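One structure below.
Naming convention: chains lettered A, B, ... in sequence-line order (proteins, then strands); numbering from 1 in each chain. All figures in this text were calculated on a predicted structure; none of them were measured in a lab.
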Amino acid sequence: MNKRFFEQVVDVLAKNISTAETELKYTNPFTLLVAVVLSAQSTDVGVNKATQDLFKIASSPGDIINLGIDRLVSHVKTLNYYNTKAKNVLALSHMLADEFGGQVPQTREELVRLPGVGRKTANVVLNVAFNQPTIPVDTHVMRVAQRLGFTKHTRPEKVEADLEQLAEGNPHIHKIHHLFILHGRYTCKARKPLCAQCPLAAVCPNVQAV
DNA sequence: CTCCCGATAT
DNA sequence: ATATCAGGAG
């Protein structure tokens, strides 16, 4: 895979997508962490709807602990896997309070020790909250990367390695994952991609018939 | 590999 | 009616 093509794609996306638009809403590193944990297999709209009320009354590990599991569950009941997620959010709040002084750690090794936090969630927190140039590979990044031919792998860790190599030195390195996600969500959709109005249609090796 | 398990788009 | 949605743990 050549790096020129990757740079060309990122440039086109950067010109056509405003990353200030739709994204998970948060007020600090902790609420971002919670929002991302809640976002597994759920839409960002649904997550924002649930956290809008939750973060008003709970925006720190101590707040979540005081809230308790029952009221926490009631706030995330509309999300997929709500029981597991509520349990994880409460457990990670305890761990942050007990082992990290109530602060969200800034290394991937520490972040993935938290319950409900895997490599992808840790990468999002590092990128969005702490401005590190990670490339979280979620369902959108995976799909977009494969359709554009940036990787032949299916394991997220392999895809991440391929993308990191292509993104090395790229001026948009900090928002590449966000550009891919927004492109994947609104244009390069899983079921019915809008190739007819895609800014990358001319160069995409996998354009669907229009 | 399975389980988790609600809302939304198509 | 079903595929998909900012995945992680066992």
Next item on the list: Round to a whole Å and report the spacing from CE of Met95(A) to P of dG8(C).
Entry: 15 Å
Next item on the list: Report the residues that fulfil salt bridge (Lys or Arg N to Asp or Glu O under 4.0 Å) with Arg191(A), sequence neighbours left out, ordered by chain and then residue number.
Entry: none
Item checked: First-last contacting nucleotides on DNA chain B - partner chain A, under 4.0 angstrom, heavy atom -> dC4(B) to dT10(B)
Under-3.5 Å N/O pairs linking protein and nucleotides 2-4 of chain C:
{"unit_1": "dA3(C)", "atom_1": "N3", "unit_2": "Arg191(A)", "atom_2": "NH2", "d": "2.8"}

Margin query: Classify Gly46(A) by what it touches in the nucleic acid, base, sugar-phosphate, or nothing, heavy-atom distance under 4.0 Å.
Written below: nothing
Next item on the list: Enumerate the residue pairs fulfilling salt bridge (Lys or Arg N to Asp or Glu O under 4.0 Å) with a member in residues 31-43 of chain A, sequence neighbours excluded, ordered by first and then second residue.
Entry: none
Item checked: Rounded distance (Å) that lies between atom C1' of dA9(C) and atom CZ of Arg119(A) -> 17 Å
Checklist line | Protein-nucleotide distance (Lys85(A), atom NZ; dA9(C), atom P), rounded to Å | finding: 13 Å
Checklist line | Pair Tyr26(A) + Phe55(A): ring centers closer than 6.0 Å | finding: no
Next item on the list: Using atom CG of Leu111(A) as one end and atom P of dG7(C) as the other, report the distance to the nearest whole Å.
Entry: 17 Å
Notebook entry, point to check: With sequence neighbours excluded, what pairs up with Thr78(A) under the side-chain hydrogen bond (donor to acceptor under 3.5 Å, both in side chains) test?
Noted result: none
Next item on the list: Provide the full list of salt bridge (Lys or Arg N to Asp or Glu O under 4.0 Å) pairs with a residue in residues 67-76 of chain A, sequence neighbours left out, each pair given once.
Entry: none
Margin query: Please enumerate all residues that pass side-chain hydrogen bond (donor to acceptor under 3.5 Å, both in side chains) together with Lys85(A), with sequence neighbours excluded.
Written below: Ser42(A)
Notebook entry, point to check: What distance, rounded to whole Å, do you find between the two P atoms, one in dA3(C) and one in dT2(B)?
Noted result: 16 Å
Notebook entry, point to check: Residues in salt bridge (Lys or Arg N to Asp or Glu O under 4.0 Å) with Arg113(A), at least two apart?
Noted result: Glu99(A)
Check: Contact class for Val117(A) vs. all strands (heavy atom < 4.0 Å): base, sugar-phosphate, or nothing?
Finding: sugar-phosphate
Check: Looking at residues at least two apart in the chain, or sitting in another chain, which of them share a side-chain hydrogen bond (donor to acceptor under 3.5 Å, both in side chains) with Tyr82(A)?
Finding: Lys77(A)
Check: Quick one: side-chain hydrogen bond (donor to acceptor under 3.5 Å, both in side chains) partners of Arg147(A), sequence neighbours excluded?
Finding: none
Next item on the list: Would you please name every residue forming a side-chain contact (heavy atoms from CB on, under 4.5 Å) with Glu164(A), sequence neighbours left out?
Entry: Ile135(A), Glu160(A)
Note to self: Using heavy-atom distances to pick each residue's nearest nucleotide on DNA chain C, tell me which of Gly116(A) and Ser42(A) is more 5'.
What the structure shows: Ser42(A)
Note to self: Check this for me: does any side-chain nitrogen of one of Lys152(A) and Asp162(A) sit under 4.0 Å from a carboxylate oxygen of the other?
What the structure shows: no
Next item on the list: Report which part of the nucleic acid Lys87(A) touches: base, sugar-phosphate, or nothing (heavy-atom distance under 4.0 Å, all strands).
Entry: nothing
Note to self: Can you tell me which residue among Ile17(A), Asn16(A), Thr187(A), Val144(A) is in a side chain to side chain contact (heavy atoms under 4.5 Å, CB included) with Leu182(A)?
What the structure shows: Ile17(A)
Item checked: Length of the line joining Lys192(A):NZ and dC5(C):P, which is rounded to integer Å -> 15 Å
Checklist line | Distance, rounded to the nearest Å, where Leu38(A) contributes CG and dC5(C) contributes P | finding: 18 Å
Checklist line | Integer angstrom distance from the P of dA7(B) to that of dG8(C) | finding: 22 Å
Margin query: Let's see if you get this right: which residues in residues 74-84 of chain A place a heavy atom under 4.0 Å from DNA chain B?
Written below: Lys77(A), Thr78(A), Leu79(A), Asn80(A), Tyr81(A), Tyr82(A), Asn83(A), Thr84(A)
Notebook entry, point to check: Touch check for Leu114(A), heavy atoms < 4.0 angstrom, all strands: base, sugar-phosphate only, or nothing?
Noted result: sugar-phosphate
